[in-house]
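Just below is one structure, and these are the notes that go with it.
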Amino acid sequence: MKFSEMTYTRPDAEALKAALQQLSDELKTAESYAQAKTVFLKIEELASDFSSDATLAQIRHSIDSRDPFYTQENDFWNEIGPELEEYTQKINQSLLESPFRSEFEKEFGKLLFTNTEISLKCFSPAIIPLLQQENKLVDEYEVLIAKAKVAFEGKEYTIPQMGPFKTDADDDRRLAAWKAEAGWYKENQPALDRIYDELVHLRDEMGKTLGYGGFTPLGYYRMGRNCYTKEDVENFRTAVVKYLVPVADNIYKAQAQRLGREYPLSFADAALQFRSGNARPQGSADQILVHGKKFYEELSPQTGEFFNAMLDNELMDVLSKEGKQGGGYCTEITRYKTPFIFANFNGTQGDVEVVTHEAGHAFAAWMNKDRIPLDYHWPSLEACEVHSMSMEFFAHPWTEGFFGKDTDKYLYSHLSGALTFIPYGCLVDHFQHSVYEKPAMTPEERHAEWKRLLAVYMPWMRLDGDIPFYSEGQGWQRQSHIYSAPFYYIDYCLAQTVSLQFWAMIEKDLPTAWSHYMAYTVQGGSETFTDLLKNAGMKSPFEEETLKEVCEAANGWLKERSNDPCLK
């Protein structure tokens, strides 16, 4: 079914609550496993139905945040979602207390109960008002960014539309673009500071209300982390500083030399990789999708079927336009057993990376759309990011069709960008740990902490530049995850480490690499992150040797090509 034909209906909230309560009671009083399973499947069906309506409202609101109908519907779900959580948690409690737990585990796996136990740790009716206020604040941030208009060269642009100007090969024009966009953030800094300050205190209050002393333990539970700890993350960040930051630093030193610019680099200069200009996709948005179709059809029968279904059913909204929220995402509309991709094409290489990245998520959902329970359609988020970040590398053999004469530039840029991204991602994660450990910090203290950590994880950046928004440590406010999904960002770093393993495999033998990828993907969310990797023959990013190996392999490839005349 085409996305435009998918029907949205706002449910009767009280009737929905009553239905959930009844199913919880029926699960609790079931007299046989067969009866309990029947109730469980009814719960799955009801959850699929109302979550699909919530997802449709969210997608259509993000496509045009000015649409009054879907703005109203998005507000409804932001309000009712935490209230429904009380009833879904009653169901979870009934499931955990079921005398037929062993039968459920035998059919659906023990992870169902592990995840259910974690879910119960995230909620109490006492925090419903706090969750509702959190939803409103996150939406306020997203709408503020979506409605941004940056004045540049006599015209107005959305923030995603500024992307090409911020990577322009002309030094003066590029710097002017960075200043213009940063100027908008600076003008709106009081609102950005206020929204985040309120979010931090709300989340801290939630954690204390639930008995955790603060938000960090709750944040980990909300992320569904079921196989590693805060200490494992800290050890990973330490390994990144040890092995990867020096490699990334050398990448930027070589970049400064290519550009003939001062090292450490300004924020504007760091955005330009080659003196002749960054890689740009050839052709229009439609042409990018046409070559995406070719890539997926040739990669495997499964990916070909998947991508054609996405195209035929209008399941991608990729053009940047006024009123559209920023960034990109993939979600799933379970009623129709289909994923949906949201993006903001702006003429940069990121357009191609979105087609591969978000489609990696979508393909995984497509392959697992019939799984029961719904919780197994997706693994935990760091595991999800392996699907997407690795799919970007599987597109490498088809790069010429996306980039033409800029193919070599893109291949170098994409691999070097994967390496240099991980320190940035660790910076985002470390910053959030600092913030939630000291929630009483003022906005000014938070900016100072970002600037301090920036020097640790990204020493190639010059902090005395002439763009105050960045040089004063406020650049984190562009990272939406910090507002909307606390502690998410380290997931990208863990996944990128795995994706670099896939890159090394692809360089040697594409079919073998694809077999490992499929072995990983077809498991859906039926296993923990580390077990998914183990079952697919991949190494854990928490093993220090893993990070060391991928750094050495990728850095060796980049050094071999550093003098390529195409990379000037």
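In this chain, numbering begins with 1 at the start of the sequence shown.
The aromatic rings of F295 and W398 sit tilted relative to each other, their planes meeting at an angle between 30° and 60°. Classified by interplanar angle (parallel below 30°, tilted 30° to 60°, perpendicular above 60°), the ring pair F40/F108 is tilted. Ring-plane geometry between H361 and W378 is classed as tilted, the angle between the planes lying from 30 to 60 degrees on a 0 to 90 degree scale. By the 30° and 60° cut-offs, the orientation of the rings of H414 relative to Y410 is parallel. Using cut-offs of 30° and 60° on the angle between ring planes, the pair H481 and Y489 is perpendicular.
The CG atom of L218 sits 9.5 Å away from the OG1 atom of T209 when rounded to the nearest 0.5 Å. Summarising the geometry, atom CD1 belonging to I128 is positioned 4.5 Å from atom CD belonging to E86; distances are rounded to the nearest 0.5 Å. Between the CD atom in E83 and the CG atom in L20 there is a gap of 12.5 Å [rounded to 0.5 Å].
For the pair K90 and Y87, the cation-pi test (distance below 6.0 Å, angle within 45°) is passed.
For the pair R446 and D197, the salt-bridge criterion is met [side-chain N within less than 4.0 Å of a carboxylate O]. Between E544 and K548, no side-chain nitrogen of the basic residue sits less than 4.0 Å from a carboxylate oxygen of the acidic one, so the salt-bridge criterion is not met. A salt bridge links E107 with K37: the closest approach of a Lys/Arg side-chain nitrogen to an acidic carboxylate oxygen falls below 4.0 angstrom. Salt-bridge annotation for E332 and R371: absent, with no side-chain N of the basic residue lying under 4.0 Å from a carboxylate O of the acidic one. Under a 4.0 Å N-O distance rule, the pair E449/K438 does not qualify as a salt bridge. Using a cut-off of 4.0 Å between Lys/Arg side-chain N and Asp/Glu carboxylate O, K230 and D429 are scored as not salt-bridged. A salt bridge is absent between K136 and E140; no separation between the charged side-chain nitrogens and carboxylate oxygens falls under 4.0 Å.
By the 6.0 Å contact criterion, NZ on K539 is open, its count of non-hydrogen atoms from other residues, nucleotides or ligands being 12 or less. Residue K28 places its NZ atom among 12 or fewer non-hydrogen atoms of other residues, nucleotides or ligands, all under 6.0 Å distant.
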Take K121 and E117 through the salt bridge (charged side-chain N to carboxylate O under 4.0 Å, His left out) test and state the conclusion after the steps. CA-CA 7 Å; K121 293 177 180 179; E117 289 167 350; over 6 Å; no
Assess whether side chain to side chain donor-acceptor pair (under 3.5 Å) is satisfied between N235 and T238, documenting all intermediate values. CA-CA 5 Å; N235 290 337; T238 299; 5.2 Å; no
Does F502 form a ring-ring contact (aromatic ring centres under 6.0 Å, His included) with F393? I'd like the steps, not just the answer. CA-CA 7 Å; F502 277 114; F393 286 122; 9.4 Å; no
Could you walk me through whether E105 and S102 pass the side chain to side chain donor-acceptor pair (under 3.5 Å) check? CA-CA 5 Å; E105 288 183 344; S102 61; over 6 Å; no
List the steps and the verdict of side chain to side chain donor-acceptor pair (under 3.5 Å) for S413 and Q349. CA-CA 9 Å; S413 170; Q349 71 181 53; 3.0 Å; yes
Check against side chain to side chain donor-acceptor pair (under 3.5 Å), T530 and S540: CA-CA 6 Å; T530 51; S540 169; over 6 Å; no
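In this structure the side chain of Y376 reaches within 4.5 angstrom of the side chain of L112, judged on heavy atoms. For the pair H357/E385, a side-chain contact is recorded, criterion being any heavy-atom separation below 4.5 Å from C-beta on. The side-chain heavy atoms of W450 and L427, taken from C-beta on, include a pair separated by under 4.5 Å. Side-chain contact between I251 and W460 is absent, with no heavy atoms from C-beta onward closer than 4.5 Å.
A donor-acceptor contact shorter than 3.5 Å is absent between the side chain of S98 and the backbone of L95. Put simply, the side chain of Y520 gets close to the backbone of A383: a donor and an acceptor are under 3.5 Å apart. No donor-acceptor pair under 3.5 Å is formed between the side chain of T546 and the backbone N or O of F542. N368 places a side-chain N or O within donor-acceptor distance of the main-chain N or O of T521, the cut-off being under 3.5 Å. In terms of modelled atom types and a separation under 3.5 Å, the side chain of D232 and the main chain of T229 share a donor-acceptor contact. Checked by atom type and distance alone, the side chain of N344 pairs as donor or acceptor with a backbone atom of G327 at under 3.5 Å. Panel note: side chain Y336, backbone S52; no donor-acceptor pair is recorded below 3.5 Å.
Checked against the 6.0 Å centroid criterion, the rings of F104 and Y33 qualify as a close aromatic pair.
With sequence neighbours excluded, no residue satisfies salt bridge (charged side-chain N to carboxylate O under 4.0 Å, His left out) with K534. By the side chain to side chain contact (heavy atoms under 4.5 Å, CB included) test, E527 pairs with Q523, D531, L532, N535, sequence neighbours left out.
Residue F487 is tested with F431, Y436, Y492 for a ring-ring contact (aromatic ring centres under 6.0 Å, His included); the sole match is Y436.
Contact between Q325 and F342 at its shortest, heavy atoms only, is O-CZ, 3.2 Å.
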